[in-house]
Amino acid sequence: MSAAVPAGVAPILSNSPGSLAWHVWHERHPALIDQLAAAHPYPPGHLTALRTLLAETLTGPVRPLPPAASDRATWDGWGADHFGRSWLDVPFLWAESYFYRRLLEAVGFFTPGPWLGLDPFAFLKAAELDAPDLADDLGTLEDTAGLTAAEKTRVLLHGALWGNQADLGFRIGVAATSGTVGPSAHLVADDTTAAVSALTTGRGTVCLVADNAGRELLSDLVLVDHLLHAGPAERVTLHLKPYPYYVSDATTADLVGCLRRLAAGPPAAAGIADRLRTAAADGRLDVATHWFYCAPHPYHRMPDDLADTYAEASVVVLKGDLNYRRLVGDCRWPETTPFADTVDYFPAPLVALRTLKSDVVVGLDAADVAALDGDPAAGRWRVDGRYALVQVRA
Ligand SMILES: O=P(O)(O)OC[C@@]1(O)O[C@H](CO)[C@@H](O)[C@@H]1O
């Protein structure tokens, strides 16, 4: 179960000081644990479990789940080659995923009692929906009214793309007049035309595999509403996480929160909430989830039932950085590896929308990589979220 997938390309580990993965364990996670502890009236047991988990990730070997955990046997299988080793020496993708599973264990998310089912990241997600500037950003949705359906698809696709960066997600009105939501010079791969074509020619079901809650999910919902309205998609299935994951990943509770926020206005946003509720009621908007979305595996190992679901879709839109890592494999790919070669196993036409927040990227021109690497203004372009890509496998 733990062989490197895809075979032959070295997985990314976390043991290189200065790397993004190193930074995640040494900077991001300690800050996250502090935030969680400060935001909740956790009892001493929860606080100790959080601190113990953090210390284990930095200095101890990877330990299994407690015997009482209902998914202990599953994780025992998934982690057989990793337990007992340093967290930093096992694949980053596996370790990060397991960290979030252990974090939920520490705060009693799966344990009957007062903390059962409480999303430890809910306060961060709520703050995003409560941000004062969100109303202005949602107001700009009115500006798309004059666009043709195809122009609107392009603008809202880019809204959903840059929504993965969150802070640009709602400059959709600006895009309606300027043609772009984010800086188009910051698209390191741009298959937008093919993506729009895939979304505007396929009948049947569009499958959107969501990433983050908050502004990103809002921008996804705006796109979903448009696809349902403009056609030819007959149905959109929105795939969400079965439980909290990677801090901000969207669950069904977050979908409910986003719809409530849209319904609160302004009018164009409220109209979207209304139409989406109607679409859900008549079966054109379907919400789905799958245990695999919180599993520590690349999509190469997706189970048959999920592959069958994708195979039935006219197109699958995969959102975000983590989904991209899982899609191509969280490996040390040369950047010029053709995208199509890395996703040849995927069972459906595919659109990847992602801002770059980790070291994995494929499908780039050698000259572009050299130019970015040589440009001081590009800085840490692979990981700092200022750059993005749209990649399509028809
Ligand atoms: O999938 P997202 O939300 O776009 O990005 C998630 C992400 O940036 O967070 C992790 C760091 O914790 C990275 O490993 C990962 O790719």
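Order of appearance sets the numbers: ligands from 1, and atoms from 1 within every ligand.
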*With backbone taken as N, CA, C and O and side chain as the heavy atoms from C-beta onward, which portion of Asp321 lies under 4.0 Å from ligand 1: side chain, backbone, both, or neither?*
both

_Glu96: numbered ligand 1 atoms lying under 4.0 Å from its heavy atoms_ = 10 (C), 11 (C), 12 (O), 13 (C), 14 (O)

Side-chain donor-acceptor pairs under 3.5 Å in residues 387-394, sequence neighbours left out?
| unit_1 | atom_1 | unit_2 | atom_2 | d |
| --- | --- | --- | --- | --- |
| Gln391 | OE1 | Tyr324 | OH | 2.8 |
| Gln391 | NE2 | Val362 | O | 2.8 |
| Arg393 | NH1 | Val343 | O | 2.9 |
| Arg393 | NH2 | Phe346 | O | 2.8 |
| Arg393 | NH2 | Ala348 | O | 2.7 |

*With a cut-off of 4.0 Å, which atoms of ligand 1 are near a heavy atom of Asn164?*
4 (O)

*asked:* Give me the nearest non-hydrogen protein atom to atom 2 (P) of ligand 1 as residue plus atom name, then the distance to 0.1 Å.
replied: Asp211 OD2, 3.0 Å

*For ligand 1, note which part of Leu322 has a heavy atom under 4.0 Å away: side chain, backbone, both or neither.*
both

_Candidate list Tyr293, Phe109, Tyr246, test ring pair (Phe, Tyr, Trp, His ring centres under 6.0 Å), partner Tyr100, passing option_ = Tyr246

*N or O contact, Val24 vs ligand 1, cut-off under 3.5 Å*: no

*asked:* With heavy-atom distances below 4.0 Å as the criterion, list the atoms of ligand 1 near Phe92.
replied: 14 (O)

*Are the charged groups of Arg382 and Asp359 less than 4.0 angstrom apart, N to O?*
no

_Ring-ring centroid check Tyr98 Phe83, cutoff 6.0 Å_ = yes

*For Thr342, what residues pass the side-chain hydrogen bond (donor to acceptor under 3.5 Å, both in side chains) criterion, not counting sequence neighbours?*
none

*If you measure every N/O of Ser358 against every N/O of ligand 1, is any gap under 3.5 Å?*
no

_Closest candidate by heavy atom, reference atom 13 (C) of ligand 1, pool Lys357, Arg325, Arg354, Gln165_ = Arg325

*Is Tyr246 in polar range of ligand 1, meaning some N or O pair under 3.5 Å apart?*
no

*Please check if any side-chain donor atom of His297 sits under 3.5 Å from a side-chain acceptor atom of Trp78, or the reverse.*
yes

_Tell me if the centroids of the rings in Tyr243 and Phe110 come within less than 6.0 Å of each other._
yes

_His29 N/O to ligand 1 N/O under 3.5 Å_ = no

*Enumerated ligand 1 atoms positioned under 4.0 Å from heavy atoms of Arg28*: 9 (O), 10 (C), 11 (C), 12 (O)

*More than 12 foreign heavy atoms under 6.0 Å from CZ of Arg277: is that the case here?*
yes

